[in-house]
Number of protein chains: 2
Amino acid sequence: MNIELNQVAADQRRVAIFKALADQNRLRIIRVLYQEQREMTCSEVGAQLQISKSTVSYHFKALRLVGLTNTRQVAQTKYLSLQTATFDRYLPGFLATL
Amino acid sequence: MNIELNQVAADQRRVAIFKALADQNRLRIIRVLYQEQREMTCSEVGAQLQISKSTVSYHFKALRLVGLTNTRQVAQTKYLSLQTATFDRYLPGFLATL
DNA sequence: ATTTTAGTTCGATAATCATCAAACTAAGCA
DNA sequence: TGCTTAGTTTGATGATTATCGAACTAAAAT
């Protein structure tokens, strides 16, 4: 486990995170979660951003897979919130610019 | 010129910046510029990252178009450097994580 | 046992993107 | 006038992506 390999792994993580944020709808999801300071459901976000529920589900998955969000499930409802640790590590100060 | 329109414009800028950073080679270019703390040419970067000069030119343009880099031209040579103001405004603290 | 609710997965489509070699431009040099 | 150097632009190709509706899963309510 040498330094160069860690560098490559960290970079792949960074690229994945940037890809996840390089979409207008996902950025809007992040902003609304940050500004409302609370968990939100798929339906709630879909209604607010005017996009179909399958598309919202797709974006929720993309954000969760790169570790930018958390999901808490209660019965059939899933609550989404920001995983601030990931932002702190890879994009410190970014959320405050929104 | 209302607040919502400014918000949309700022978001488009953000998405463009994230897209520019969501590529392994462009991220490597940013890192090498940050770590070397100096201007670098297309050829120099191409040699270091082992990619063709047309591809490097393509990435240089992508970074310049979103304002992440500066270009200073001397005769037929172009020197690239980071535009730190853009990082400070949209991604404060990011460069230091590299 | 249906029906409703919340979300996921699939299939299809249209669009964007990264890459390279080849051809090109433009400046400096012999 | 060529020749070299540094970078850009132009196809062409293969890969990935965002989007939607439709079909599906699983839990809750009636």
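Keep in mind that the numbers below use all heavy atoms, side chains included, and drop hydrogens, waters and symmetry copies. Letters A, B, ... are given to chains in the order of the sequence lines, protein chains preceding strands, and every chain is numbered from 1.
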Sugar-phosphate, base or nothing in reach of A/Phe60, heavy atoms under 4.0 Å: nothing
Co-membership, hydrophobic cluster, residues A/Val66 and B/Leu98, 4.5 Å side-chain: yes
Short side-chain N/O contact to D/dG7 OP1/OP2 from B/Ser43, under 4.0 Å: yes
B/Glu39 CD - D/dG7 P separation (whole Å): 12 Å
Nearest-Å distance for atom pair OH/P, residues B/Tyr79 and D/dA6: 9 Å
Candidates D/dA18, C/dT8, D/dC20 - which lies nearest the side chain of A/Cys42: C/dT8
Nearest-nucleotide pick for A/Ser57, side chain only, options being C/dG7, C/dA21, D/dT9: C/dG7
Closest nucleotide among D/dT17, C/dG7, D/dT8 to the B/Lys78 side chain: D/dT8
Atom pair NE2 (B/His59) and CD1 (B/Ile51), whose distance is rounded to the nearest 0.5 Å: 5.0 Å
Residue B/Tyr58, side-chain atoms from C-beta onward, closest of D/dG7, C/dA18, D/dT19: C/dA18
Whole-Å distance separating the CD atom of A/Gln73 from the C1' atom of D/dA28: 13 Å
Sugar-phosphate, base or nothing in reach of B/Thr77, heavy atoms under 4.0 Å: sugar-phosphate
Shortest side-chain distance from B/Lys19, nucleotide among C/dA18, C/dC17, D/dT5: C/dC17
Phosphate OP1/OP2 of D/dT17: any A/His59 side-chain N/O under 4.0 Å: no
Interatomic distance where CD belongs to B/Gln24 and C1' belongs to C/dC17 [whole Å]: 15 Å
Plane angle bin for A/Phe18 and B/Phe94 - parallel if under 30°, tilted between 30 and 60°, otherwise perpendicular: perpendicular
Atom-to-atom span, NZ of B/Lys61 to P of C/dA18 - whole angstrom: 13 Å
Options C/dG7, D/dT9, D/dA27, nucleotide nearest the side-chain atoms of A/Ala75: D/dA27
Whole-Å gap separating C1' (D/dT19) and CG (A/Asn25): 10 Å
DNA chain D: 5'-proximal contact among A/Gln76 and A/Gln50 (nearest heavy atom): A/Gln50
Gap between atoms CZ and C1', on B/Arg26 and C/dT16 respectively (whole Å): 12 Å
N or O in side chain of B/Thr55 less than 4.0 angstrom from C/dT19 OP1/OP2: no
Sugar-phosphate, base or nothing in reach of B/Lys53, heavy atoms under 4.0 Å: base
Gap separating the NZ atom of A/Lys78 from the CZ atom of A/Arg64, nearest 0.5 angstrom: 6.5 Å
A/Leu80 CG to C/dT8 P, straight-line distance once rounded to whole Å: 10 Å
Side chain A/Arg14, main chain B/Gln24, donor-acceptor under 3.5 Å: no
A/Thr97 backbone acceptor or donor facing B/Arg89 side chain under 3.5 Å: no
Selection from D/dA28, C/dA18, C/dG7 that lies nearest to any side-chain heavy atom of B/Asp23: C/dA18
